[in-house]
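The structure appears below as structure tokens.
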Amino acid sequence: MTIHNDTRGFAHVSTSYIRLYNESNNNLIAEYKLGQEFANESAVQVGSLVKNANEWEFHAVGAGYQLGLGDIVAGYQ
């Protein structure tokens, strides 16, 4: 999750959260509500989706960065 064109950090965002649902049955897989622990960060890696055999797994990460979306994406190329 990133703040587009804003380097002030998540302290200036009143409500940030991610909810990940299973599309086939609409079950909630994971939910993360961002608190003040990343107040000075402009990007947060909440977790990673990993395919293990034929199953998708969500792995929590919880890492904050002072980077933009382009920087985050470039790290995976």
Side-chain angles (χ1 to χ4, degrees):
M1 129 179 17
T2 64
I3 301 173
H4 184 67
N5 290 337
D6 191 342
T7 59
R8 296 179 293 174
F10 280 97
H12 299 276
V13 179
S14 61
T15 306
S16 298
Y17 64 90
I18 283 185
R19 289 185 185 132
L20 182 63
Y21 290 91
N22 180 328
E23 185 178 34
S24 65
N25 60 17
N26 207 33
N27 285 343
L28 182 65
I29 296 170
E31 178 178 31
Y32 185 77
K33 295 177 183 175
L34 195 63
Q36 291 301 309
E37 65 274 21
F38 297 109
N40 296 318
E41 311 293 348
S42 59
V44 177
Q45 181 181 5
V46 176
S48 296
L49 283 173
V50 178
K51 192 168 187 180
N52 185 6
N54 290 329
E55 298 290 324
W56 286 96
E57 300 172 352
F58 180 81
H59 295 204
V61 175
Y65 307 96
Q66 292 183 345
L67 301 170
L69 179 59
D71 300 315
I72 300 290
V73 171
Y76 287 94
Q77 295 178 345

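Numbers here simply count residues along the sequence, with the first being 1.
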Inset, instruction - Any chance you could lay out the side-chain contact (heavy atoms from CB on, under 4.5 Å) test for F38 and V13, step after step, and finish with the verdict? - result: CA-CA 11 Å; F38 297 109; V13 179; over 6 Å; no
Legend entry - F58-W56 co-clustered via ILVMFWY side chain contacts under 4.5 Å: yes
Legend entry - Sequence-distant partners of S24, side-chain hydrogen bond (donor to acceptor under 3.5 Å, both in side chains), two or more places apart: N22
Inset, instruction - Name all residues meeting the side-chain hydrogen bond (donor to acceptor under 3.5 Å, both in side chains) criterion together with S48; count only those two or more places apart in sequence or in a different chain, and write none if there are none. - result: Q45
Legend entry - Sequence neighbours excluded - salt bridge (charged side-chain N to carboxylate O under 4.0 Å, His left out) pairs with any residue from residues 42-55: none
Legend entry - Same cluster (ILVMFWY, side-chain, under 4.5 Å), I18 and V73: no
Inset, instruction - Just jot down the salt bridge (Lys or Arg N to Asp or Glu O under 4.0 Å) partners of E57, sequence neighbours excluded, or say none. - result: none
Inset, instruction - Would you name the heavy atoms of F10 and S16 that are closest together and state the gap between them? - result: CD2-OG, 3.7 Å
Legend entry - Side-chain heavy-atom pair L49, L20 within 4.5 angstrom cut-off: yes
For residues 65-72, which side-chain N or O atoms pair as donor and acceptor with protein atoms under 3.5 Å away, sequence neighbours left out?
unit_1: Q66; atom_1: NE2; unit_2: N40; atom_2: O; d: 3.0
unit_1: D71; atom_1: OD2; unit_2: G68; atom_2: N; d: 3.1

Inset, instruction - List, by chain and number, the other hydrophobic cluster members for L28, where Ile, Leu, Val, Met, Phe, Trp and Tyr join if side-chain heavy atoms come within less than 4.5 Å, directly or indirectly. - result: Y21
Inset, instruction - Give a yes or no on whether N25 atom CG has more than 12 heavy-atom contacts from other residues, nucleotides or ligands under 6.0 Å away. - result: yes
Show me, pair by pair, the donor-acceptor contacts under 3.5 angstrom made by side chains of residues 29-37, not counting sequence neighbours?
unit_1: E31; atom_1: OE2; unit_2: R19; atom_2: NE; d: 2.7
unit_1: E31; atom_1: OE2; unit_2: R19; atom_2: NH2; d: 3.3
unit_1: Y32; atom_1: OH; unit_2: E37; atom_2: OE2; d: 2.6
unit_1: E37; atom_1: OE1; unit_2: G35; atom_2: N; d: 3.3

